[in-house]
Amino acid sequence: DTEVTQTPKHLVMGMTNKKSLKCEQHMGHRAMYWYKQKAKKPPELMFVYSYEKLSINESVPSRFSPECPNSSLLNLHLHALQPEDSALYLCASSPELKQPQHFGDGTRLSIL
Amino acid sequence: GNSVTQMEGPVTLSEEAFLTINCTYTATGYPSLFWYVQYPGEGLQLLLKATKADDKGSNKGFEATYRKETTSFHLEKGSVQVSDSAVYFCALIAGGGYQKVTFGIGTKLQVIP
């Protein structure tokens with residue numbers, strides 16, 4: 001069983017909808033990450049949080065908005081997405097930056 | 001910049017065959033090296049790691065040795081099972097400050113009974 005829990009597992013939304021992806025870990029990790037993974041490709045880093053502060057934004061469009069309410073939770077707010085944003089969105093955590101990351105099973109997002 | 005090179009596959013093997021998936025890298029300094037595995041419909045799982053030259057990472061019958069002289073971290077398993085069918089990603093973290101994980105393209109392994 002994965003120790004990083006992501007909800008929902010699947011999400012279908014229209015281009016005008018607003019939705020949120022959620023990620024939770026209870027391992028005491030202080031770094032959390034969002035990745036986007038397209039089919040047959042490796043994950044691409046989107047955002048990094050360290051000690052609840054945004055450390056890295058990999059030039060992600062503003063229609064993706066991350067939030068870290070506390071050390072165990074990480075959200076990704078979605079608004080006005082495009083069909084090309086359809087992908088598997090993975091959350092990960094690590095004890096500190098540069099340490100091995102633990103991944104959740106992802107949210108498979110489809111944009112109609 | 002940092003990079004990881006691995007075969008794309010698919011690699012198709014019969015059950016109990018020997019597995020090798022090659023991985024070579026370029027990186028600044030002394031990277032930490034990882035193999036992740038992704039089963040169908042799941043996220044990535046850390047399979048094994050090595051943090052310095054000549055370290056051998058091992059887990060679930062898989063092994064990889066950090067070879068600084070050849071900048072390689074090849075994944076091996078002596079006898080694969082159908083349940084090993086997955087995509088395997090070689091990855092590294094290198095450099096000072098925060099450096100994001102650099103992944104290879106992933107190698108799909110299919111094991112047939």
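Note on naming: letters A, B, ... go to the chains in the order of the sequence lines (proteins, then strands), and numbering restarts at 1 for each one.
Scanning residues 77-96 of chain A against chain B with a 4.5 Å non-hydrogen threshold yields A:L88, A:L90, sorted by number.
Hydrophobic clustering, with ILVMFWY side chains joined whenever heavy atoms are under 4.5 angstrom apart, groups B:W35 together with B:Y39. Hydrophobic clustering of Ile, Leu, Val, Met, Phe, Trp and Tyr side chains at less than 4.5 Å, counting indirect connections, unites A:L97 with B:Y36. Note on A:L54 and A:L76: same hydrophobic cluster, where clusters join Ile, Leu, Val, Met, Phe, Trp and Tyr whose side-chain heavy atoms are under 4.5 Å apart, directly or indirectly. Follow the hydrophobic side-chain contacts under 4.5 Å out from A:L21 and you reach A:M32 in the same cluster. Cluster membership for B:F73 and B:I21, using ILVMFWY side-chain heavy atoms within less than 4.5 angstrom, is shared.
Within the 3.5 Å criterion, the main-chain N or O of B:K100 finds no donor-acceptor partner in the side chain of A:Y33.
Taking all atoms of both residues into account, the shortest heavy-atom contact from B:G43 to A:D105 is N-OD1, 3.2 Å. For A:P42 against B:F103, the heavy-atom pair with the smallest separation is CB-CB, 3.7 Å. The shortest heavy-atom contact between A:P100 and B:F34 is CG-CE2, 3.5 Å.
To the nearest 0.5 angstrom, A:F103 atom CZ is 9.0 Å from B:Q38 atom CD. Atoms CD and CG, on A:Q99 and B:L46 in that order, are 12.0 Å from each other to the nearest 0.5 Å.
Around the NZ atom of A:K38, the shell of radius 6.0 Å holds more than 12 heavy atoms that belong to other residues, nucleotides or ligands. Sparse packing is recorded around NZ of B:K49, with 12 or fewer heavy atoms of other residues, nucleotides or ligands lying under 6.0 Å away. Sparse packing is recorded around CE of A:M15, with 12 or fewer heavy atoms of other residues, nucleotides or ligands lying under 6.0 Å away. The environment of A:R30 atom CZ is dense: over 12 non-hydrogen atoms of other residues, nucleotides or ligands sit within 6.0 angstrom.
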Which side-chain N or O atoms in residues 104-113 of chain B pair as donor and acceptor under 3.5 Å with protein atoms at least two apart or in another chain?
{"from": "B:T107", "atom 1": "OG1", "to": "B:Q6", "atom 2": "NE2", "distance (Å)": "2.9"}
{"from": "B:T107", "atom 1": "OG1", "to": "B:M7", "atom 2": "O", "distance (Å)": "2.2"}
{"from": "B:Q110", "atom 1": "OE1", "to": "B:T12", "atom 2": "OG1", "distance (Å)": "3.3"}

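When heavy atoms are compared at a cutoff of 4.5 Å, B:Q45 does not approach chain A at all. For A:Q37, the part lying under 4.5 angstrom from a heavy atom of chain B is the side chain only.
Ion pairing of A:K40 with B:E8 is absent here, as no side-chain N (NZ or NE/NH1/NH2) approaches a carboxylate O to less than 4.0 Å.
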